[in-house]
Amino acid sequence: AQQVRWQRRMREMSTQEVADRTSQNQDEITLTRSVIANLENGRRSYITMDEVFALAAAFGIHPSVLLSDELNRTEIDWTAPPVMGRSFRP
């Protein structure tokens, strides 16, 4: 939740803009503005891996960044195997 909000605010994007970007990635699921807001505000306590991939693609970051507790994480293990056999394409 913290990472989603931080990534969105760092890019000066609204929740609707993030939702619109998830709909542009045909290989990923589309997230609504309310789902993103609920994730950020803690009203939704879980996130699926498909949602992580969709948000990462919308932000142009590696999915592991969204799973990190560190907001300013700069060291990412890019050699790690993809989750569930999926590859990341920003």
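Everything numeric in this text was worked out from a predicted model, so none of it was measured.
Considering only residues two or more places apart in sequence or on other chains, R21 meets the side chain to side chain contact (heavy atoms under 4.5 Å, CB included) condition with M13, Q24, A58. Scored by the salt bridge (charged side-chain N to carboxylate O under 4.0 Å, His left out) test, R43 finds no partners at all (sequence neighbours excluded).
Distance alone, capped at 3.5 Å, places no donor-acceptor pair between the S68 side chain and the V65 backbone. Side-chain atoms of T15 do not come within 3.5 Å of backbone N or O of A37 as any donor-acceptor pair.
Taking the side chain as every heavy atom from C-beta outward, R5 and N41 approach each other to under 4.5 Å. I29 is not listed as a side-chain neighbour of F53, based on a closest heavy-atom distance of 4.5 Å or more. Contact of the L66 side chain with the I47 side chain is not registered, since no non-hydrogen atoms from C-beta on lie closer than 4.5 Å.
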Quick one: do E17 and R11 satisfy salt bridge (charged side-chain N to carboxylate O under 4.0 Å, His left out)? Show the steps, please.
CA-CA 10 Å; E17 288 172 317; R11 290 164 176 75; over 6 Å; no
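Summarising the geometry, atom CG belonging to L55 is positioned 11.5 Å from atom CD belonging to Q3; distances are rounded to the nearest 0.5 Å. The distance from the CG atom of N38 to the CD1 atom of I36 is 10.0 Å, given to the nearest 0.5 Å. Atom OG1 of T32 and atom CD of Q16 lie 8.5 Å apart (nearest 0.5 Å).
Residues A19 and R33 approach most closely at CB-N, 3.7 Å, considering heavy atoms. Closest non-hydrogen pair, F59 versus V18, comes out as CE2-CG2, 3.7 Å.
R9 and E40 are not joined by a salt bridge, as no carboxylate oxygen comes within less than 4.0 angstrom of a charged side-chain nitrogen.
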